[in-house]
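A quick write-up on the structure given underneath.
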Amino acid sequence: MALIQLEKLSKSYGRGNNAVSVLINLDFTFDAGEMLAITGKSGSGKTTLLNLIGAVDFADSGRYLFNGEEKRFRNVSDGVRFRAQNIGFIVQHFALIDDFTVYENVLMSLWETPTKSHERKQKVLDVLQRLDILDLRDKYPPQLSGGEKQRTAIARAIVRKPALILADEPTGALDAAAEKNTMDILKELHAEGTGIIIVTHDPEIAAQCDRVFELVKA
């Protein structure tokens with residue numbers, strides 16, 4: 001069953017003669033539980049597509065269906081609520097808050113959820129335990145290795161148990177060992193039924209996915 005359907009989606013930036021079209025009449029389908037790689041040359045719109053799927057940005061035209069229901073995002077708050085209910089994000093440079101501990105960085109993902117304080121704490125501890133970073137709970141991002149930062153970012157993305165994880169170059173800033181660890185975690189989540197969409201330039205990463213969707217520059 002299709003989790004995501006994008007129909008004739010278009011997105012441009014700028015106005016008038018300065019407008020740059022990034023995506024034009026794009027059709028895209030993603031099935032529930034699938035693991036998909038989005039590839040393409042720089043400037044082809046990979047990150048733009050990921051941001052439209054995650055409602056971080058909004059299309060100029062076209063239709064967005066999630067689980068068969070058309071989504072119309074009117075403002076930033078609509079996107080925040082949609083992600084809180086459905087989507088976890090992982091980005092290349094981790095996007096952790098340096099003044100927050102590992103525990104606090106993961107906990108912030110639950111701020112928009114109607115969960116009681118003690119339940120939030122247990123959810124965070126459980127996911128830190130799962131990713132083998134429970135002993136790092138009181139450390140700050142500058143004290144972590146690249147692999148530890150990425151596991152913290154993954155913990156933040158999955159603590160709400162979303163139906164879909166969007167990963168933008170999740171291994172681009174990692175060494176070989178940390179890259180393998182990250183992909184092993186994503187494949188484990190995929191095996192459990194979580195949908196995974198990975199933007200990547202790396203053909204070896206793409207080859208580990210169920211399917212590859214290549215974007216061509218507009």
Side-chain angles (χ1 to χ4, degrees), residues 1-11 22-23 26-59 62-71 73 79-95 109 150-151 153-174 179-218:
M1 175 182 175
L3 181 66
I4 296 168
Q5 290 175 270
L6 308 181
E7 300 176 356
K8 305 300 180 186
L9 217 66
S10 294
K11 178 65 181 178
V22 181
L23 301 173
L26 177 73
D27 291 322
F28 174 88
T29 301
F30 176 81
D31 290 336
E34 187 177 11
M35 187 169 181
L36 171 74
I38 296 176
T39 65
K41 294 181 179 179
S42 295
S44 61
K46 300 184 299 298
T47 296
T48 296
L49 175 55
L50 209 68
N51 287 339
L52 294 178
I53 292 170
V56 174
D57 204 351
F58 310 120
R63 299 177 72 218
Y64 181 148
L65 290 87
F66 189 89
N67 251 344
E69 178 184 348
E70 184 168 3
K71 295 295 179 182
F73 303 110
V80 170
R81 284 190 292 270
F82 175 71
R83 288 192 300 279
Q85 294 168 2
N86 302 290
I87 291 176
F89 253 101
I90 304 168
V91 295
Q92 180 176 353
H93 295 291
F94 322 122
S109 189
Q150 190 61 295
R151 276 184 282 163
I154 293 172
R156 182 185 57 197
I158 69 174
V159 68
R160 289 182 278 104
K161 298 184 178 179
L164 175 63
I165 291 174
L166 304 178
D168 193 358
E169 297 283 0
T171 62
L174 303 178
E179 174 183 304
K180 182 181 183 303
N181 182 261
T182 296
M183 286 306 298
D184 285 347
I185 293 168
L186 292 177
K187 286 188 284 188
E188 181 180 317
L189 291 166
H190 168 238
E192 294 171 359
T194 304
I196 312 280
I197 298 179
I198 302 174
V199 163
T200 184
H201 284 97
D202 189 337
E204 293 185 6
I205 298 298
Q208 298 179 60
C209 297
D210 299 330
R211 181 167 63 93
V212 175
F213 182 85
E214 183 176 6
L215 277 172
V216 178
K217 191 170 182 178

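All residue numbers refer to positions in the sequence shown, counting from 1. Side-chain atoms are counted along with the backbone in the values below, which use heavy atoms only and exclude waters and symmetry mates.
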Rounded at 0.5 Å granularity, tell me how far [atom1] in [X] sits from [atom2] in [Y].
X      : Y      : atom1 : atom2 : result
Leu186 : Ile90  : CG    : CD1   : 5.0 Å
Thr48  : Ile38  : OG1   : CD1   : 10.5 Å
Gln150 : His93  : CD    : NE2   : 10.5 Å
Gln5   : Lys71  : CD    : NZ    : 13.5 Å
His190 : Asp210 : NE2   : CG    : 4.0 Å
Thr39  : Glu214 : OG1   : CD    : 4.5 Å

Heavy-atom pair of closest approach, residues [X] and [Y]:
X      : Y      : result
His201 : Ser42  : NE2-OG, 3.7 Å
Gly88  : Arg160 : CA-NH2, 4.4 Å
Arg156 : Ser109 : O-OG, 3.0 Å
Lys41  : Ser44  : O-OG, 2.7 Å
Ala59  : Lys11  : CA-CD, 4.3 Å
Thr29  : Ala2   : CG2-CB, 3.9 Å

In a check of side-chain contact (heavy atoms from CB on, under 4.5 Å) between Pro170 and each of Ile165, Val91, Ile198, which one passes?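 The option that passes is Ile198.
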Would the number of heavy atoms belonging to other residues, nucleotides or ligands and lying under 6.0 Å from NZ of Lys187 be above 12?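 Check passes, neighbour count above 12.
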If you count every heavy atom of other residues, nucleotides or ligands that lies below 6.0 Å from Glu204 atom CD, does the total exceed 12? no
Residues Leu9, Arg63; criterion side chain to side chain contact (heavy atoms under 4.5 Å, CB included); working and verdict: CA-CA 6 Å; Leu9 217 66; Arg63 299 177 72 218; 6.0 Å; no
Side-chain heavy-atom pair [X], [Y] within 4.5 angstrom cut-off:
X      : Y      : result
Val80  : Phe73  : no
Arg83  : Val56  : yes
Asn86  : Leu164 : no
Leu50  : Phe89  : yes
Ile185 : Arg151 : yes
Leu36  : Ile196 : no
Leu26  : Leu215 : yes
Asp202 : Glu169 : no

Assess the pair Tyr64 and Phe58: is the distance between their ring centroids shorter than 6.0 Å? no
Show your reasoning for whether side chain to side chain contact (heavy atoms under 4.5 Å, CB included) applies to Ile53 and Phe66. CA-CA 9 Å; Ile53 292 170; Phe66 189 89; over 6 Å; no
Evaluate side chain to side chain contact (heavy atoms under 4.5 Å, CB included) for Leu174 paired with Gln92, printing each intermediate quantity in order. CA-CA 9 Å; Leu174 303 178; Gln92 180 176 353; over 6 Å; no
Over 60° means perpendicular and under 30° means parallel, so classify the ring planes of Phe30 and Phe28, tilted if in between. parallel
Are any side-chain N or O atoms of Asp168 and backbone N or O atoms of Thr47, one a donor and one an acceptor, separated by less than 3.5 Å?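 Such a contact is absent between Asp168 side chain and Thr47 backbone.
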Between Glu34 (side chain only) and Asp31 (backbone N and O only), is there a donor and an acceptor less than 3.5 Å apart?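 Yes, Glu34 side chain to Asp31 backbone: donor-acceptor pair under 3.5 Å.
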